[in-house]
> 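Once you've had a glance at the structure underneath, I'll fire off some questions.
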Amino acid sequence: MRLPAPFIKLPLRFDVARLKAEVASIPESEWRAHPQGFAGNSALILVSHRGGENDDTSGAMAPAPRLARCEYLRQVMASFQAVVGRSRLMRLEPGAEVTPHTDIDFYWRDRIRIHVPIVTDPSVRFNCDGVEIHMGEGEAWIFDNWRPHNVINGSGIRRVHLVMDTVGSAAFWQLASGGMVASAATQLPARLVEYREGVDASLLFESHDPEPLAHPAAVKGTVHELVGDLRGAQPRTAQHAGLENALLDFANEWQALWARFGGGAGHQAHYAVLIEDTLKRVGQLGTGLRLPSNSTQVNMVLQKYLSGMFDHFPAWLAAAPVPAFPRPVIVVAAPRSGSTLLFETLKRIPGLSNLGDESHAEIEAIPGLSPRDRGFASNVLAAADLTPERRDAILRNFVLQLRDHQGRRWLTQDGAAPGVRLLEKTPKNALRIPFLDALFPDALYLFIHRDAGENLGSMLDAWQSGRFVTYPDLPDWQGQPWSLLLPPGWRELRGKPSPEVVGAQWRAANQAILDDLSKLPRERWRVLDYAELVRDPSGVVRRAAAFAGLPEPVELQRSLAAGLPPSRYTLSAPAPDKWRRHETALTPVLAALAPLRERLAALDNRL
C-alpha cells in the first residue's frame, strides 16, 4: 500500500520481555524457511489461510494452533484494532539481508504490513526509498512497501519481528495518522500496551474468500492509479501515451464483459482472454519503461496487477480442459523468408484456425521453456523438454488465443475449443521441430525458403531497423541489441560483423529444418519457394488446402487473383534486387553458405 512517507512509527509500544519469552517458548522445529527462499530468513506462521502451514495470500484467514499459546502476541495484534490478515514471526540471521525489492503483487494494493521488533540491535537497518532507520524493540512501524526497500542485519544476533498484514480499519488509520514520520524531528509519545494475564484478546480475521474476478470499480481504480503514475514520467513519450491507452482500454473492456456476463464462473474464459491479450499489448508498449513512483519495470508491475484481477488465474488456467488440435499445419522457415506472408495467406482458408500472432509468447511463458530460464543457450527446444505438464499448459495457452479464418474467437464458456485445425507459425519453430512433433505427433509441416541473397539482405534490414529486437538485454552480447532468432553458439558471434551474424542465423535455421524434417515421413511435410508464393498465390493456397485435407478454398483463390498484399512485417516495398545494396558485404557469407544453398535447391518434396 502506498503511504505519504517511507516509514511511519505508530504511537504504541509493547512489553519486550514478555514478547521475547513467548517467542522463546516456541520449539525450533516449528520455524520454516522464508517462502521466497531468502537466505538467512525464516518464519513462523501465526495467521494463515484457514490456519494451515501455508503462505497463501488470499482466502479466509484463521489463527494457526500455536497462536493460542501466545497470549501477549494476541493482545499486541488486537491493539491495532484492525482486521488481521496473514501474520508471522520473521527471523533474520546475523549478517543476512532481505535484498532490495518492491512489493507489487495485487495483494498489496489494499494492504499494509505492521512490524513489531521483538529481538533486534541498532545495527539492523531498514531502508525504504533512500530513507534508512532502525526499528527499536517493542516499537510498531508501517512502511510503504510499494517503494524499493531492503533490510540488512549487520549485528551478531538473530533478529525477530512480528509482522502482520492488514487492510486496516477506521480506528487503525486514525492511530496511524497520530504516528510519526521517520524523518520528523519530534518524538511523539507512545502508549504502552501492557500484558494482561488471562485476557483472551479478540481478533478479527479476514474471513471472506474473494470473488475470482475483480469488480469493475476495483479494476478502474487500479488502472487510473497506474495511469496517473505513468503520467508523472519525465520525459514523457508516445510510448507512455500508448501504454496508458492500452490500460484504459483494458478497464473499459472489463466493464463491458461484466455488463454482459457478470462475475460468474461460467464466463471466466472471456476475462482470461482479455488479460492475456492486454499483457501482450502492454508487453510491447511497456518495454524499457519504469514507473516513476518506484522505478520498477512497468511490465513486471502489469504482469502482477492484471493477473491479480483474476484471483488464482494460473490455477484456473491449469484446471481448464486441455483442448485437442488434430493434424495442425505448422509453417517452418528461417527469419525473413516469407513465413509471415504465407501464414497471413493460409489463415484465410476456411477450416484453419490460428493464434492471431506468433506462438513463441505462449510457449515461452511456460516456466523452463524461455531462453532466460535456460541460460540463454538458444531457441532450441527438444522433445525431452516437453513434459506432460508443459504440454497441457501450452495447449491451454493456445486455446485462449484461438481464432477462426475470419478472426473470430473459438471460445466457449469453459475455455475449451472444439477440435479445430490449427495453423501455426513463428521463425523459432525452425529450431523446435522435435519439440513440436512431440507436442503434435500428427502435425503437417510447410517449409518455405527464399533466395539466400534476398533472405540475408532482409535479415540485415531487420537488424538495422531496430523493429525486430528479441533480446534487448542479452547477457555477454555487445553491439546492436539482438534481433530475430537465437541460434546455438551465438556467443561465438560476439564482435563479428552483422553479415556473419545473420549468415549464422540463416544457416542454423535452414540446417535444423532440413535435418529434422528428413526424419519425418515425407507425407507429413512439403517445401515451398517464396518466389512461387509471390508468383502464384492462388495455386499455393489450393495445393496447401489439399495437403491439409481441406476443401478447395475457391472464394479465397479468386480474391488472390490480384496478387498478395505486403505482410505486416514488411519494412519497404518488395523488390527482387533490393538486397543488392548489401551485396558486397554478403558475397563472402553467401560463398560460405553454398553447400546449404545447393541442398535447398535440390529439394524435391514440393508443395
Side-chain angles (χ1 to χ4, degrees), residues 2 102-109 146 213-214 216-258 268-311 313-314 316-317 355-367 370-372 397-398 400-403 407 409 411 426 466-473 481 568-569:
R2 304 190 191 193
T102 56
D103 294 327
I104 55 175
D105 291 83
F106 194 67
Y107 169 84
W108 287 112
R109 181 176 181 267
W146 175 258
L213 300 170
V219 172
K220 286 196 171 186
T222 302
V223 163
H224 284 285
E225 189 175 73
L226 291 170
V227 167
D229 198 338
L230 287 165
R231 286 178 177 166
Q234 295 295 331
R236 182 171 164 78
T237 67
Q239 192 177 355
H240 289 91
L243 182 58
E244 292 159 16
N245 288 335
L247 290 173
L248 292 171
D249 286 348
F250 171 79
N252 290 332
E253 187 61 24
W254 192 282
Q255 175 77 71
L257 288 175
W258 195 274
Q268 289 176 354
H270 294 277
Y271 296 90
V273 166
L274 176 59
I275 291 171
E276 290 282 288
D277 285 353
T278 305
L279 285 174
K280 276 188 172 183
R281 182 180 173 191
V282 300
Q284 296 171 345
L285 292 167
T287 301
L289 297 185
R290 293 181 178 271
L291 283 174
S293 60
N294 64 2
S295 299
T296 302
Q297 291 181 358
V298 166
N299 284 344
M300 289 179 59
V301 175
L302 296 181
Q303 178 71 45
K304 296 279 190 178
Y305 263 46
L306 268 61
S307 297
M309 292 170 186
F310 188 154
D311 194 42
F313 175 55
W316 174 87
L317 188 60
L355 305 179
D357 204 346
E358 297 183 353
S359 68
H360 52 81
E362 313 309 326
I363 293 175
E364 293 176 8
I366 308 302
S370 74
R372 185 177 299 277
N397 281 357
F398 277 14
L400 289 180
Q401 302 303 326
L402 201 62
R403 295 158 171 83
R409 294 278 190 184
L411 193 64
T426 175
R467 287 175 48 189
F468 296 84
V469 173
T470 46
Y471 304 105
D473 301 313
R568 78 179 87 171
Y569 298 130

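Fair warning: this is a prediction, and the values are worked out from it, not measured in the lab. Each residue takes its place number in the sequence, starting with 1.
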> Apply side-chain hydrogen bond (donor to acceptor under 3.5 Å, both in side chains) to R231 and list each qualifying residue two or more places apart in sequence or on a separate chain.
E244
> Indicate the atoms forming the closest heavy-atom contact of V282 with A246, along with that distance.
CG1-CB, 3.9 Å
> Can you name the residues that form a side-chain hydrogen bond (donor to acceptor under 3.5 Å, both in side chains) with W146, not counting sequence neighbours?
S293
> When you look at CZ of R372, are more than 12 heavy atoms from neighbouring residues, nucleotides or ligands closer to it than 6.0 Å?
no
> Test your reading of the model: is there a side-chain donor-acceptor pair from T287 to the backbone of G283, 3.5 Å cut-off?
yes
> About how many Å separate CE of M309 and CG of L213, when rounded to the nearest 0.5 Å?
11.5 Å
> Walk me through whether L247 and L230 qualify under side chain to side chain contact (heavy atoms under 4.5 Å, CB included).
CA-CA 11 Å; L247 290 173; L230 287 165; 4.0 Å; yes
> To the nearest 0.5 Å, how far apart are CG in L274 and CG in L279?
9.0 Å
> Would you check, one step at a time, whether the test side chain to side chain contact (heavy atoms under 4.5 Å, CB included) holds for V298 with Q239?
CA-CA 12 Å; V298 166; Q239 192 177 355; over 6 Å; no
> Where is the tightest heavy-atom contact between P481 and P472, given as atom of each residue plus distance?
CB-CA, 4.2 Å
> Looking only at non-hydrogen atoms, find the nearest pair between E358 and K280 and report the distance.
O-NZ, 4.5 Å
> Run the side-chain hydrogen bond (donor to acceptor under 3.5 Å, both in side chains) test against E364 and tell me which residues pass, sequence neighbours left out.
K428, R432
> By ring-ring contact (aromatic ring centres under 6.0 Å, His included), which residues pair with F106, not counting sequence neighbours?
Y305
> Once rounded to the nearest 0.5 Å, what's the spacing between atom CG of N299 and atom CG of L243?
7.5 Å
> Can you tell me if T102 uses its side chain to pair, donor with acceptor, with the backbone of I104 under 3.5 Å?
no
> Heavy-atom count around K304 NZ within 6.0 Å, excluding the residue itself: above 12?
no
> Please find the pair of heavy atoms, one from A214 and one from V219, that lie closest to each other, and give the distance.
CB-CG2, 3.8 Å
> Considering residues at least two apart in sequence or located in another chain, which fulfil the ring-ring contact (aromatic ring centres under 6.0 Å, His included) criterion with W258?
H215
> Between the main-chain N or O of L355 and the side-chain N or O of R403, is there a donor-acceptor pair closer than 3.5 Å?
yes
> Using side-chain hydrogen bond (donor to acceptor under 3.5 Å, both in side chains) as the criterion, list what pairs up with T470, not counting sequence neighbours.
none
> How long is the span from the NZ atom in K220 to the CG atom in L248, to the nearest 0.5 Å?
9.5 Å
> What heavy-atom pair brings N397 and A365 nearest, and what distance separates the two atoms?
ND2-CB, 4.3 Å
> Nearest 0.5 Å, what's the OG1-NE2 distance between T222 and H224?
10.0 Å
> Looking at every non-hydrogen atom in both residues, tell me the closest pair between S295 and R290 and how far apart they are.
O-NH1, 2.8 Å
> Return the CG to CG distance between L257 and N252, rounded to the nearest 0.5 Å.
11.0 Å
> Evaluate the side chain to side chain contact (heavy atoms under 4.5 Å, CB included) criterion for residues W254 and I275: first the C-alpha distance (whole Å), next the side-chain angles of each, then the deciding distance (0.1 Å), finally the verdict.
CA-CA 9 Å; W254 192 282; I275 291 171; 4.0 Å; yes
> Between T278 and L302, does a side chain to side chain contact (heavy atoms under 4.5 Å, CB included) hold up when you go through it step by step?
CA-CA 9 Å; T278 305; L302 296 181; over 6 Å; no
> Are H270 and E253 side-chain neighbours, meaning at least one heavy-atom pair lies under 4.5 Å?
no
